[in-house]
Amino acid sequence: MHAYRTHTCAALNQSDVGQSVRLSGWVHNKRDHGGVLFVDLRDHYGMTQIVADSDSPALPVLEKLKLESVVTIDGDVKARAPEVVNPNLPTGEIEVFAREVTIQSRAEELPLIVNSAEDYPEETRLKYRFVDLRRERVHNNIVLRSQVISSLRQRMIAQGFNEFQTPILGASSPEGARDYLVPSRLHPGRFYALPQAPQMFKQLLMVAGFDRYFQIAPCFRDEDLRADRSPEFYQLDFEMSFVTQEDVFQAIEPVLAGVFEEFSGGKTVTPAGEFPRIPYKEAMLKYGSDKPDLRNPIEISDVSHHFTSSGFGIFEKIVGGGGVVRAIPAPNTAEKSRKFFDEMNDWSKKEGFAGLGYVTRKGGEFGGPIAKNHGPENMAKLYEELGLGENDGLFFAAGKEKDAAKLAGAARTRTGEILELIEENCFKFCWIVDFPMFEYDEDLKKVDFSHNPFSMPQGEMDALENSDPLDILAWQYDIVCNGYELSSGAIRNHRPDIMYKAFEIAGYTQEDVDANFSGMIEAFKLGAPPHGGSAPGIDRIVMLLADEPNIREVIAFPLNQRAQDLMMGAPSMVSARQLRDVHIRLSGEAVEAQKEASTAEKTDMNSNAAERDGE
RNA sequence: GCGGGUGUAGCUCAGUUGGUUAGAGUAUCGGCCUGUCACGCCGAGGGUCGCGGGUUCGAGUCCCGUCACUCGCGCCA
């Protein structure tokens, strides 16, 4: 007989009755009736009820054992009487009568309870993540993640993509996010940077002639966190040679749609080949965002032209000064109180916006200060143009175009949520395309790249030479699903002459480009195929499929919101010797911070030890 | 860096207008219990009310500061 088990805890059923078996697992729960004891024995696969009565030598042992201890049970499979069958358990028709028990590992008192759905503070969960990961929901999330990654791999390989690894210790490059740096021991004063993405390497793989590359690529960005943003994350990074934007779309849509259909649990998914393509400019107008949630039916309209002359002076002034007015419908809000509209305005101010105007409409009757000043006839005209009904309210976001669009977008989301208009049980994909190549940087008072400097401008050299830079679009595209940016990609600029020209427009000389991107420029001078790709974020994909609001719920060992590993204690202090090795001397400020942290930690550890010792 | 929320027993939470010894559930420990599956019943231990100031006869409660966690803004091509 195997040392630990003949079956897993999900394996036994009616057909095994009468067998002698050996099971191993965690003591998930106990129900002690004095003369008879029930133990739910749990492993990765499932749960089996163990029974011991006064005839069994296992009874006194199991009685004393704390939950989450690990045991091996020798026993006999018995059919449960019909009235005590548990229909909620796959093994619910049987139970194992324990003849013997071996304690493999004795658990002490637990910081969190595995057999409960109760929510624990994230701090506790992360500190004891190995316990937290035993809990059903997170355990399932991590398994789902594994399955999603496996499916993505298979789908990419089936399409002729080859998986390659790229370096983790790379060179820092000036643009983009803040790098995580690794000091070099062999080269005093020099640093490696962890990849923000294997961008350059995948392009170089195309130059090297590999044609179709992908990788489940770890990426690192030293920026502040969000619910959907971790400093280390994974992308399905891919790149293809001799392709147009259309080819990239056709390659990745079936992969994403396929994976979502496979794991969505019955939710509908935008079919491959039918992802809507929304130009950036249209997205900013209609949704006030470059990552619109298409489950929300509300669409924003520009109504500036209605207010060029209006009794409502504020809007007239804004439009006269080059600003815009955007309208966000609030359908069927005739029954909503004034409080609803006022609270939206309060909310917008709290969010740091200028404020949200509104018009109410009840049975065709307009209400609110804007309607009063603008006049009912003018309002009716506006409503007709927007196709709004007799009981639809309307919010207004006014100001500089960028600010108004952003406010309108936030208001659209909030209105959709409050009015419960967000369609459930679906994944709605879209492409955002035609991103502008350049934008005017108000702070630096100059034209700069608006996205990725290595994207090919639409119209290529001709556009760069003959168009207003701010009108030039890029072959740059995002995939968005339910309001989350899943992926960013581009057809790359593989032509050194066009590259130099693009950088020139953004105010960089040829020397600047050579100094910072020499590797890639050199490569492009030695025979480079046209190429492009993208990189869907795996954590976000799993987060959506697991229906979790937070990326940490689908990462086995996530960093917390301040980028710390509460379990292992990263980032940690290192010895003076280690610092010497890598030629690093700490600033006075850093030493001071260390001292403070050190004192705090010692106190903390002492108190923990005292608790354990029962003081 | 800025703003919001939270912080009371190991854990989840309650705690009235500022007023006696800060409560409940759960976990832990002890006792009882032969069909439970969130088993049940009886009992016990367990508190720096995040921390530091202040106001007050009196602060978990009010004020100021600070820390931690979290959500958002900035940031993230």
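Numbers restart at 1 for each chain; the letters A, B, ... are given by sequence-line order, proteins then strands.
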Review point. Reckon A:N560 touches a base, only the sugar-phosphate, or nothing at all at heavy-atom distances under 4.0 Å?
Key: sugar-phosphate
Revision key, fill the gap. Residue pair A:R562/A:T124 against RNA chain B: nearer the 5' end by closest nucleotide is A:T124
Restricting to ring pair (Phe, Tyr, Trp, His ring centres under 6.0 Å), what partner residues turn up for [X], sequence neighbours left out?
X: A:Y287; value: none
X: A:F353; value: none
X: A:H451; value: A:F435
X: A:Y508; value: A:F503

Using the [atom1] atom on both, measure [N] against [M] and round to a whole Å.
N: B:rG7; M: B:rU61; atom1: C1'; value: 14 Å
N: B:rG50; M: B:rA68; atom1: C1'; value: 7 Å
N: B:rC57; M: B:rG1; atom1: C1'; value: 44 Å
N: B:rC67; M: B:rA24; atom1: C1'; value: 29 Å
N: B:rA27; M: B:rC11; atom1: C1'; value: 7 Å
N: B:rG40; M: B:rG3; atom1: P; value: 48 Å
N: B:rG46; M: B:rC29; atom1: C1'; value: 10 Å
N: B:rU66; M: B:rU6; atom1: C1'; value: 16 Å

To the nearest Å, how far apart are [X] [atom1] and [N] [atom2]?
X: A:D346; N: B:rG4; atom1: CG; atom2: P; answer: 15 Å
X: A:L37; N: B:rU34; atom1: CG; atom2: P; answer: 13 Å
X: A:E123; N: B:rU6; atom1: CD; atom2: P; answer: 17 Å
X: A:K127; N: B:rG10; atom1: NZ; atom2: C1'; answer: 12 Å
X: A:E108; N: B:rA27; atom1: CD; atom2: P; answer: 19 Å
X: A:F38; N: B:rC33; atom1: CZ; atom2: P; answer: 16 Å
X: A:I50; N: B:rU36; atom1: CD1; atom2: C1'; answer: 14 Å
X: A:D132; N: B:rG10; atom1: CG; atom2: C1'; answer: 16 Å

Taking side-chain contact (heavy atoms from CB on, under 4.5 Å) as the test, write out the residues that go with [X], two or more places apart.
X: A:D346; answer: none
X: A:Q14; answer: A:V17, A:A79, A:E93
X: A:D434; answer: A:P279, A:Q458, A:L473

Revision key, fill the gap. Once base and sugar-phosphate atoms are separated, protein heavy atoms under 4.0 Å mark nucleotides 37-45 of chain B, 5' to 3', with B, S and - as BSB------
Exercise for review: Determine, for nucleotides 71-77 of chain B in 5'-to-3' order, which nucleotides have protein heavy atoms under 4.0 Å from the base (write B), from only the sugar-phosphate (write S), or from neither (write -).
Suggested key: BSBBBBB
Check your understanding: Below 6.0 angstrom between ring centroids: does that apply to A:F233 and A:F220?
Key -> no
Point to revise | Aromatic contact, A:F449 with A:F438 (centres under 6.0 Å) | key: yes
Practice item. Scan residues 47-65 of chain A for pairs that pass salt bridge (charged side-chain N to carboxylate O under 4.0 Å, His left out), counting only residues two or more places apart or in two chains. Key: none
Practice item. Quick one: which residue pairs count as a salt bridge (charged side-chain N to carboxylate O under 4.0 Å, His left out) with a foot in residues 480-492 of chain A, not counting sequence neighbours? Key: A:E239-A:R492
Check your understanding: Dot-bracket for RNA chain B, 5' to 3', counting Watson-Crick or G-U wobble pairs under 3.5 Å, with [ ] for crossing pairs and | for inter-strand pairs?
Key -> (((((((..((((.....[...)))).(((((.......))))).....(((((..]....))))))))))))....
Check your understanding: Hey, does A:D222 have a side-chain heavy atom less than 4.5 Å from the side chain of A:L194?
Key -> no
Point to revise | Pair A:R135 + A:D132: basic N to acidic O under 4.0 Å | key: yes
Review point. For the side chain of A:E95 and the base of B:rG35, is some donor closer than 3.5 Å to an acceptor across the two?
Key: yes
